[in-house]
Amino acid sequence: FKQKTAYEISLGLVGSEMCIRDRFMLTTLIISDLHLTYVEEDKIDFFANFCKKYASKADQLFILGDLFNTWIGDDVSLVSYKAIIEILKDLTKTTNVFVMAGNRDFLLSKQFELESGCEIINEPFVLEHNSKKFLLIHGDSLCTDDVSYQKLKRVLRNPLTQFIFLKLSKNVRLKLTGQLRKKSIEAQSYKSAEIMDVNQSATDKLMSNYPGFDLIHGHTHRQNTHTQKSYTRHVLGDWSNSIGNVIKLSDKLEWLEIN
């Protein structure tokens, strides 16, 4: 870490959780669902501008999944996304950057960390910030009403599936990814909005394990703040080529609109 006096990272919590506890007042930015591609140069420039004007002035940046629209393996995608990797590498000179895998870029791995300077984090991620406690996740795990999606996710996240996929050629990987994306778009066309949103019971069950925490997630692209009895759920939206949204944590939580 670049700012060792600012952080203490504690491992060994429940499951794969990690916890960042601050010693001093920190500024944290949280974003999600940028869906960057290497062909949308306007969007890459927009992200670079955000990093320069906003993220570089923060102590830490959390990206809660789907930074990339697709990631078919470090060996292939690091070359394709070279411009974005350079932006991240430059940012990590001043800011600690933590990246959570989403449903589009879950094959991010160690070489990405080495070349970008970012750190990959697992979910759920516990963040204790200036005496407030937050649980960070991508969000798709709570969309339990979308049964077909959850079944596909279990197959795609299986280590054996990933091992076989990463042994395939670049062209075959691209073809399979394109086919899956096409089927996903077709499936979304006949699914109701409720099915593709988080399930309230699943969310309540998760948060019952974290009393005193608030929840921050993305995935659904439905930017909003929902106040429940025992917790608040902050939902990050997705980014376009000219508009983005950010949660800023300092002495309080506030939303930033980037344009």
Side-chain angles (χ1 to χ4, degrees), residues 1-11 13 16-34 36 46-67 84 87-102 105 108 113 116-139 206-207 210 212-219 223-227 231-239 243-259:
F1 290 97
K2 321 301 181 297
Q3 301 162 338
K4 292 183 180 178
T5 58
Y7 308 95
E8 177 174 79
I9 289 193
S10 300
L11 301 175
L13 299 179
S16 60
E17 295 168 21
M18 295 175 64
C19 174
I20 288 188
R21 296 186 177 90
D22 55 281
R23 295 176 186 157
F24 306 107
M25 185 70 72
L26 297 176
T27 298
T28 297
L29 300 182
I30 307 175
I31 60 178
S32 183
D33 297 281
L34 278 74
L36 297 176
F46 184 56
F47 175 61
N49 190 56
F50 160 75
C51 290
K52 184 177 181 180
K53 288 190 174 182
Y54 295 90
S56 65
K57 296 176 175 62
D59 296 293
Q60 51 190 13
L61 170 68
F62 285 86
I63 304 172
L64 302 187
D66 288 353
L67 169 62
I84 299 167
I87 293 168
L88 292 169
K89 185 68 173 178
D90 190 57
L91 177 60
T92 59
K93 294 175 182 176
T94 59
T95 304
N96 293 289
V97 182
F98 301 93
V99 178
M100 181 180 289
D105 53 13
L108 288 166
E113 289 186 305
S116 68
C118 303
E119 180 173 345
I120 296 173
I121 57 174
N122 295 322
E123 65 169 272
F125 189 96
V126 170
L127 172 63
E128 295 190 17
H129 186 282
N130 299 337
S131 77
K132 280 286 291 180
K133 296 186 289 187
F134 299 93
L135 191 67
L136 311 181
I137 63 172
H138 177 54
L206 171 67
M207 296 310 293
Y210 299 90
F213 281 72
D214 286 337
L215 176 65
I216 300 177
H217 72 84
H219 180 65
Q223 182 184 352
N224 210 336
T225 296
H226 305 270
T227 303
Y231 64 91
T232 300
R233 179 168 66 92
H234 305 280
V235 187
L236 290 154
D238 58 333
W239 285 41
I243 300 175
N245 59 97
V246 183
I247 287 178
K248 178 182 178 182
L249 303 176
S250 52
D251 57 333
K252 61 180 180 180
L253 184 151
E254 59 181 312
W255 286 92
L256 303 179
E257 294 298 322
I258 311 299
N259 49 46

Kindly compute the distance separating [atom1] ([X]) from [atom2] ([Y]), expressed to the nearest 0.5 Å.
X      : Y      : atom1 : atom2 : answer
Asn130 : Leu26  : CG    : CG    : 5.5 Å
Phe213 : Glu128 : CZ    : CD    : 5.5 Å
Leu29  : Ile63  : CG    : CD1   : 10.5 Å
Asp66  : Leu236 : CG    : CG    : 12.0 Å
His217 : Leu136 : NE2   : CG    : 11.5 Å
Asp251 : His129 : CG    : NE2   : 9.5 Å

Determine whether [X] and [Y] make a side-chain contact, defined as any pair of heavy atoms from C-beta on separated by less than 4.5 Å.
X      : Y      : value
Ile216 : Phe62  : no
Val246 : Trp239 : yes
Cys118 : Thr92  : yes
Asn245 : Leu256 : no
Val235 : Gln223 : no
Leu67  : Leu88  : yes
Tyr231 : Leu135 : no
Ile30  : Leu249 : yes

[X]: partners by side chain to side chain donor-acceptor pair (under 3.5 Å), with sequence neighbours left out:
X      : value
His219 : Asn103, His138
Tyr54  : none
Asn49  : none
Asp214 : Lys132

Q | Where Thr27 and Asp59 come nearest, the two heavy atoms and their spacing | A | N-OD2, 2.7 Å
(Q) On a heavy-atom basis, which atom in Gly65 and which in Ser32 lie closest, and how many Å separate them? (A)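 Heavy atoms only, the tightest pair is O-OG, 3.6 Å.
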Can a donor-acceptor pair be found, under 3.5 Å and without considering hydrogens, that links the side chain of [X] to the backbone of [Y]?
X      : Y      : answer
Asp90  : Ile87  : no
Trp255 : Lys248 : no
Asp33  : Gly237 : no
Glu123 : Met100 : no

(Q) For Phe47, run the side chain to side chain contact (heavy atoms under 4.5 Å, CB included) check against Leu36, Ile258, Leu91 and tell me which one passes. (A) Leu36
(Q) Holding to side chain to side chain contact (heavy atoms under 4.5 Å, CB included), I want the full list of residues that pass it with Lys52, two or more places apart in sequence or in another chain. (A) none
Q. Taking only residues two or more places apart in sequence or in another chain, which ones pass salt bridge (charged side-chain N to carboxylate O under 4.0 Å, His left out) with Asp238?
A. none
Q: List the steps and the verdict of side-chain contact (heavy atoms from CB on, under 4.5 Å) for Ile137 and Leu206.
A: CA-CA 11 Å; Ile137 63 172; Leu206 171 67; 4.2 Å; yes
Q. Any idea how Phe125 and Phe98 line up, ring-wise: parallel (<30°), tilted (30 to 60°), or perpendicular (>60°)?
A.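 The rings of Phe125 and Phe98 sit tilted, inter-plane angle from 30° to 60°.
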